[in-house]
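Here is the naming used below: chain letters follow the sequence lines, and residue numbers restart at 1 for every chain.
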Number of protein chains: 2
Amino acid sequence: MGAMRRPTMTDVAREVGVTAKTVSRVLNDGPVAVETRERVLAAVRKLGYQPNLMARNMRVGARDAAIGLVIPEMGNPFFGTVAGGVESAVRARGLTLIVGSSDEAAGLEQSLIATFLARRVSALMVVPAASSDHRHLRSERVAGLPIVFLDRPSAGLRADCVVSANREGSRTGVAHLIVHGHRRIGFVGDVPASLYTRRERLQGYRDALDGAGLPYDRALVETGHDVEAAARATMRLLSLADPPTALFAGNNLASMGAVVALSRAGRKDVAVVGFDDLPLAEALDPPLTVVAQDPAAVGAAAAEMVLRRLDGDRSRARRTTVPTRLIARGSGELPPR
Amino acid sequence: MGAMRRPTMTDVAREVGVTAKTVSRVLNDGPVAVETRERVLAAVRKLGYQPNLMARNMRVGARDAAIGLVIPEMGNPFFGTVAGGVESAVRARGLTLIVGSSDEAAGLEQSLIATFLARRVSALMVVPAASSDHRHLRSERVAGLPIVFLDRPSAGLRADCVVSANREGSRTGVAHLIVHGHRRIGFVGDVPASLYTRRERLQGYRDALDGAGLPYDRALVETGHDVEAAARATMRLLSLADPPTALFAGNNLASMGAVVALSRAGRKDVAVVGFDDLPLAEALDPPLTVVAQDPAAVGAAAAEMVLRRLDGDRSRARRTTVPTRLIARGSGELPPR
DNA sequence: CCGACATATGTCAACGTTGACATCCGCTGT
DNA sequence: ACAGCGGATGTCAACGTTGACATATGTCGG
């Protein structure tokens, strides 16, 4: 018994002695005699028949009951949680979510989007890669395909988008450090500098400094995309001639890097506030104060938006902002020095 | 200009004044006059034509150039990293990975697999949900569809599978605690108790006890699937009449739970070894000793296996074990009491 | 007992693409 | 001049499914 062809409707039909159309009707709840229906179903089970969704979708011209989501990295729990939020919302409607990772590269993102489109997904959700451009999606939008961007807005395309309150959240976090007496506050941010979230959060940092009449010192702004790079960035800040007494970390990896670096350096006196919560934040010494995002809520909000669009909502593109929340645990309340 | 139909090959052909077949040839590098090719490509760009993969795949009868991966949870960085490992390996071959989450439910897993099959993926990779059964996939296997299981073996199906060295790794981790003088060691494990990784790791724990002639005390085995549940499990262990002096945590969430609980209880004297590394392990106080898995390697190994099968390898189903590595950082070397 | 009508099933074509094969053209060599 | 050839393009059918429409069979009222 070699590798055999997957059975088709016609095979099932032949087995029962009817036409493919009758099988089709059985499977689509059309009008079929009870007895026939049962024989067809029996044959379906016997042959292990599974309808070919591709052929079906092609015929009915419908889009696929799947929604494509593109995220920059699979391994980063932030995006994983976002995807989880999207999935539960989407699943509740009987739709399937298929996820792919762009590896933060515009080229991969575009080809991933192309394969999703070629698969005729019924909607597209995208966390844009750092330097991507979405002009190429204009024709899709015109053709009525719902497209929603998450965490970062689109470039070159008016479209729905759901983001965290980056600037406001950062301002609050940095202001918190200022209230506790800090005047030199380092910023450990994501890379590249052009990244939307990084720009917004840096802007919030500057807002807070401005609000307190403190100067903006470029020497206090460092960068690193992964944990180790962020740790090195932190070390550079600490070894400045006039080092910061507090750090603001611009995302989860930067927070980890800062925490790791301080721990290696044995510095428990440096105040830290991180953007985005960490699962072990409370177990650190001192426990980490954070500006918590709600990644699952970002995903869920974006999914709701997509579902509304699928239901025919044709209103203007809207930007939704998911609030952040300051959670004071200790590291952000340390006094200077 | 309303929502318009997506252009087909025929539309492009009409635009240029040739047949659809010629357009097809241009797009598939068939023999076409240079000048014709250029005019066709121009029309393709002008109309924003994108080939319909569904129709194409149906015609050529080929399976889709996509591989389906089912994981139990999107938000858990362990599975995210596994998926990342799979994706880089698969992408290197020009294949697309589509990921879905079963939410650790056998029913969802099965329907997710069904939608992948209906989309004619060319291979299936599955991290089985806790209590799933894969007999229903037998016909697919016979039909030559590569199926590889990750992290946990399949139930009711002989198939390739890639797992971590769970039992051996746990044995090593627990033996490490024993070497440092501990005789009462708590086990904080995953739930349900029937979960493969949980069983294997518990078995490794018992192996180590046996090896040292220590008794197995069921009161020392506690359980919790998420961080908070694991923290409560840890508290229960600590409040026993004859509490453990060390803890072995059976996965990343259990480790976090244990760490959080100890931190809340202000107990820095309890030794801990966790299965699976955590990004902040070294920044904890004391730094966390772990039996590190290599989730990306698990994903990569499974992907290699799938690619071999796709290349026609018809040899017997094989089980690959990815080794673990003990990383002593401090928490596992604390003395009893 | 006939026409109207409902129910069960069949026939055919079409969805967008490509494989198999046919045709058309211009060029070569003799 | 013409067979022979190779390159460019066209024609047709088929992939598996379902919509539109046709046909067969039975049921009922008058």
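For B:V32, taking side-chain heavy atoms from C-beta onward, the closest of the listed nucleotides D:dT9, C:dT18, D:dG16 is D:dT9. Listed candidates were D:dT18, D:dT9, D:dG10. Nearest to the side chain of B:K21 is D:dG10. Out of C:dT9, C:dT18, D:dG10, the shortest distance to the side chain of B:T22 is found at D:dG10. Minimum atom distance to the side chain of B:P31 is reached by D:dA8, of the listed C:dT18, D:dT18, D:dA8.
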Applying side-chain contact (heavy atoms from CB on, under 4.5 Å) to A:R45 and A:L41, what does each step give before you reach the verdict?
CA-CA 6 Å; A:R45 276 189 298 273; A:L41 290 176; 4.1 Å; yes
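A salt bridge does not link B:R318 with B:E304: every distance from a Lys NZ or Arg NE/NH1/NH2 to an Asp or Glu carboxylate oxygen is 4.0 Å or more. Here B:D11 pairs with B:R14 in a salt bridge; the nearest charged N to carboxylate O distance falls below 4.0 Å. Looking at A:D160 and A:R309, a side-chain N of the basic residue comes within less than 4.0 Å of a carboxylate O on the acidic one, giving a salt bridge.
Nucleotides of DNA chain D nearest to A:L53 and B:E35 differ in position, and the one nearer the 5' end is that of B:E35. Annotation: of the two residues near DNA chain D, B:A55 and B:V34, the 5′-most nearest-nucleotide partner is B:V34.
Taking atom CG of residue B:N52 and atom P of nucleotide C:dC15, one finds them 12 Å apart after rounding to whole Å. Atom pair A:R25:CZ and C:dT11:P shows a separation of 11 Å (rounding to whole Å applied). We find that CE of A:M58 is positioned 12 Å from P of C:dT18, with the value rounded to whole Å. In this structure, B:D29 places its CG atom 12 Å from P of C:dT18, rounding to the nearest Å. As a whole-Å value, the separation of A:L47 CG from D:dG16 C1' is 15 Å. Taking atom CG on B:N57 and atom C1' on C:dG16, their separation rounds to 12 Å, with Å as the unit.
Interatomic distance, CD of A:E87 versus OG of B:S101, reported as 4.0 Å (0.5 Å rounding).
Distance alone, capped at 3.5 Å, is enough to place a donor-acceptor pair between the B:R39 side chain and the B:V16 backbone.
In this model, no side-chain donor or acceptor of B:R6 finds a partner on the base of C:dG16 within 3.5 Å. You'll find a donor-acceptor pair under 3.5 Å spanning the side chain of B:R59 and the base of C:dT18, going by distance alone.
In terms of phosphate contacts, B:N28 brings a side-chain nitrogen or oxygen within less than 4.0 Å of OP1 or OP2 of C:dT18. Between A:S24 and the phosphate of D:dT17, there is no side-chain N or O to OP1/OP2 separation shorter than 4.0 Å. Between B:R56 and C:dG16 there is no side-chain N or O to OP1 or OP2 distance below 4.0 Å.
Shown for residues 8-19 of chain B: residues whose heavy atoms fall under 4.0 angstrom of DNA chain C, namely B:T8, B:M9.
Nearest heavy atoms, B:A317 versus B:A159: CB-C, 3.6 Å.
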